[in-house]
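Some notes on the structure that comes next.
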Amino acid sequence: MTQLPETTQRKLGLVIDLDTCVGCHACVISCKGWNTENYGAPLSDQNPYNKEASGTFLNRVHSYEVQPDIGAAQLIHFPKSCLHCDDAPCVTVCPTGASYKRVEDGIVLVNESDCIGCGLCAWACPYGARELDASEGVMKKCTLCVDRIYNENLPEEDRVPSCVRTCPAGARHFGDLGDEDSAVSQLVAERGGMDLMPELGTKPVNKYLPPRPKDTLDEIDILAPLLAPVAEDPKGFMGWLDKTLEKL
Amino acid sequence: MHPAPSVILFTTLSGIGFGLLAFLGLGLPVVTGWLAFAFFAVAYLLAVGGLLASTFHLGHPERALKAFSQWQTSWLSREAWAAVGALVVMGIYGAGLVFLDLRMPILGQIGAALSLATVYCTSMIYAQLKTVPRWNMPLTPVLFVSLSLAGGALLAGAGFLALILLGSAGCVQIAYWVVGDTRLKRSGTTIESATGLGHIGSVRAFEPPHTGTNYLMSEFMHVVGRKHAAKLRIIALGLMVLAPVILIMSPFNYVLALLLAAATHLAGVCVSRWLFFAQAEHVVGLYYGKR
C-alpha cells in the first residue's frame with residue numbers, strides 16, 4: 001500500500017561521513033555488483049563500451065567544491081543513495097502500490113512485479129535516488145541490501161549493506177536511527193548529522209556528517225624578518241630620488 | 001523536465017477531449033442523432049487517444065490495470081478512475097442522444113463533472129510535486145482546467161462563451177509564466193541546502209558521478225530547449241488564444257473558421273505544454289549543478 005505507516009518499529013539507515021569519504025567510488029561498484037546479482041531485476045547498462053555509455057546505479061558519488069569566505073576551497077566527495085525518508089513522497093505518488101515503506105524497519109522498497117514503470121516516483125524524489133532501468137522498464141532503488149542484512153547464510157560481519165561493508169575509509173555507517181542509543185544515532189548527535197533539503201519535508205532517515213572544520217595554524221615564516229623593507233622613510237640621496245621619481 | 005512527446009500529446013489531446021465532453025454533458029450544444037455521433041466521436045477520439053498516448057511512456061503498459069488500486073494517495077490512480085468514470089457515464093449519455101434521441105440531463109451533468117475532474121487529476125499529478133517548484137502551485141490546475149474549458153468550448157462551437165474562456169485561459173497562461181519564473185528561487189532549495197554544505201561557503205558542482213549521462217539527467221535536466229523559451233511563449237499564446245479569437249470573430253464561413261481555430265488552438269496548447277515540461281526545473285538538477 002502506498003499509504004505511509006504512522007511510525008516504523010525501527011529506522012534502518014545509513015550515516016555518511018563527508019569528512020572521511022575519499023571519493024574512491026568503491027561503494028558505487030560494490031552496490032552495483034551486489035544488486036545486479038541478487039534482489040530484483042539486474043541493473044542494466046546501455047552501450048557500456050561505447051560513446052554514450054549509461055546505466056542504472058543505486059548509489060552515485062558527486063564531488064563538490066566549497067569556497068569559504070576566507071581560505072582555500074575544499075573538495076568534498078558526496079555519496080548519494082536513497083535516504084529511506086519517513087515522509088517518502090515517492091511512495092504516496094505510486095499508482096499501483098508497487099512502492100512501499102516497511103513498518104518493521106522503515107526500508108523503502110519497490111515490488112517490481114507491480115511496477116508499471118511510469119516514473120512518477122522518480123519525479124517525486126528530490127534526491128535522484130530512483131532510476132528507471134532502461135532494459136527492464138521497472139524502477140530501481142537502494143534496498144539497503146535487504147537481502148544481506150537479514151541473511152543468515154552470510155557471516156555476521158557481512159550482514160550490512162554492501163556499500164558499508166566495502167568502504168575502505170569507514171565513511172559509511174549502518175544502523176537503527178530510531179534507537180537513540182545506537183552507535184549511528186550517537187555519531188549523528190556527536191557530529192551534528194544533517195538532513196539533505198530539509199525544507200522539502202521528506203524527513204530523511206539517512207544522515208550526513210558535515211566535514212570537520214579545517215585546522216587554522218598561525219603562519220610561521222622564518223624569512224619574513226629578513227624581507228622587511230630596510231628604510232620606511234628614506235633620507236639623503238635615496239630620499240631625493242624617491243621624491244623626484246614621485247614627481248615624474 | 002524532459003518534454004516527452006507521449007506526455008505532451010496525452011495532456012493536450014485528452015485535456016481538449018474531456019473539455020468537449022464537459023460541454024456536451026451540459027448540453028452546450030444540445031445535439032442528437034448523427035450530429036451527436038460526430039461530436040461524441042471527436043471528443044472520444046481526443047480523450048481516449050490522449051490516454052492511449054500516455055501509456056507509451058510506461059515501462060510495463062501491460063500492468064496498467066494495477067494503476068487503479070492506489071486512489072487513496074496517488075493522483076495518477078485518481079486520474080485513472082475519473083477518466084474511466086467520465087468515459088462510461090458520457091458513453092451512456094451519448095448513446096441516449098445518438099440512438100434514442102433521449103437526453104438525460106443529470107447523467108450529462110455528472111459526466112461533465114467527471115470529465116473536468118479528470119483534467120484536474122491530471123494537473124494535480126504535476127502540481128503535487130514539491131520537487132518541481134514551477135509546477136507546485138495552485139495555478140497549475142487552474143491552467144489545465146481553463147485550457148481544457150477553452151478548447152472544449154471552441155470545439156463545441158460555443159461562440160461568445162468560447163471567446164470569454166479563451167481570453168481567460170490566455171490570462172491564466174500569462175500569470176502561470178510570470179509566477180512560475182520565480183518559483184524555484186522562492187522555494188529556497190539551492191545547491192547549498194541540497195548538499196548541506198552551505199555553512200562552509202558557496203558550493204559548486206565540481207565533478208559529476210560519472211563521465212556519461214544517466215536516467216536522472218535525461219529525465220530531469222532539459223536545459224538545451226529553453227533557449228527559445230521567450231519566442232515560444234509568444235508563439236504559444238498567438239496560436240492558442242489570439243488566432244482562434246480572430247478566426248471566430250472573422251466574417252468567413254463559421255464552420256470553416258471554427259475548424260481552423262480549433263487546429264491553431266491545439267497547436268498552441270502543444271507548444272505551451274512543451275514549455276510546461278521543458279522549462280520545469282527539477283531540484284535534483286542542483287546536485288549536478290544544472291537547472
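Order of the sequence lines fixes the chain letters, A, B, ..., with proteins taken first and strands second; residue numbering starts at 1 for each chain. For clarity, every value in this text was computed on a predicted model and none was experimentally measured.
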Does some side-chain heavy atom of A/R172 sit less than 4.5 Å from a side-chain heavy atom of A/N59? yes

Can B/R78 be said to sit on top of B/W75's aromatic six-ring, NZ or CZ under 6.0 Å from centre and within 45° of the ring axis?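 Judged by the rule (NZ or CZ under 6.0 Å from the ring centre, within 45° of its axis), B/R78 counts as positioned above B/W75.
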
May I ask you to check whether [X] and [Y] show a side-chain donor-acceptor distance below 3.5 Å?
| X | Y | result |
| --- | --- | --- |
| B/R273 | B/T12 | no |
| A/D114 | A/T96 | no |
| A/E52 | A/S54 | no |
| B/T213 | B/S218 | no |
| B/S202 | A/Q67 | no |
| B/N214 | B/Y288 | yes |

Looking at [options], which one has more heavy-atom pairs under 4.5 Å with chain A than the rest?
| options | answer |
| --- | --- |
| B/A80, B/S54, B/S193 | B/S193 |
| B/T73, B/L216, B/T211 | B/T73 |
| B/F68, B/Y126, B/Y215, B/W71 | B/Y215 |
| B/T190, B/V283, B/L76, B/T195 | B/T195 |
| B/E207, B/H210, B/E219, B/M1 | B/E207 |
| B/G196, B/A194, B/G198, B/P61 | B/A194 |

For [X], is it the side chain, the backbone, both, or neither that has a heavy atom closer than 4.5 Å to a heavy atom of chain B?
| X | value |
| --- | --- |
| A/P89 | neither |
| A/F78 | side chain |
| A/Q46 | neither |
| A/V93 | both |
| A/A53 | backbone |
| A/K80 | side chain |
| A/C94 | backbone |

So which of [options] has the largest heavy-atom pair count under 4.5 angstrom toward chain B?
| options | value |
| --- | --- |
| A/G55, A/C115, A/P211, A/G119 | A/C115 |
| A/A122, A/P198, A/P210 | A/A122 |
| A/V61, A/D133, A/L75, A/D195 | A/V61 |
| A/A129, A/A73, A/C118, A/A98 | A/C118 |
| A/T202, A/N47, A/D69, A/L120 | A/L120 |

Which portion of [X] sits near chain A, non-hydrogen atoms under 4.5 angstrom:
| X | answer |
| --- | --- |
| B/Q128 | side chain |
| B/H57 | both |
| B/I200 | both |
| B/S187 | backbone |
| B/M217 | neither |
| B/I191 | side chain |
| B/E62 | neither |
| B/L129 | side chain |
| B/A64 | backbone |

Whether B/Y287 and A/Y127 hold their rings parallel, tilted or perpendicular, with breakpoints at 30° and 60°: tilted

Flag the pair B/F276 / B/F144 as yes when their ring centroid distance falls below 6.0 Å, and as no otherwise. yes

Quick check: B/Y176 with B/W135 (ring centres under 6.0 Å apart)?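 Not close enough - the centres of the two rings lie 6.0 Å or further apart.
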
Is it true that A/K11 and A/D105 make a salt bridge, defined as a side-chain N closer than 4.0 Å to a carboxylate O? no

Between B/R183 and B/E281, is the closest basic N to carboxylate O distance under 4.0 Å?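 So B/E281 does not pair with B/R183 through a salt bridge.
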
Check: [Y] main-chain N/O paired with [X] side-chain donor or acceptor under 3.5 Å:
| X | Y | result |
| --- | --- | --- |
| B/T118 | B/A82 | yes |
| A/H84 | A/V108 | yes |
| A/N206 | A/L14 | yes |

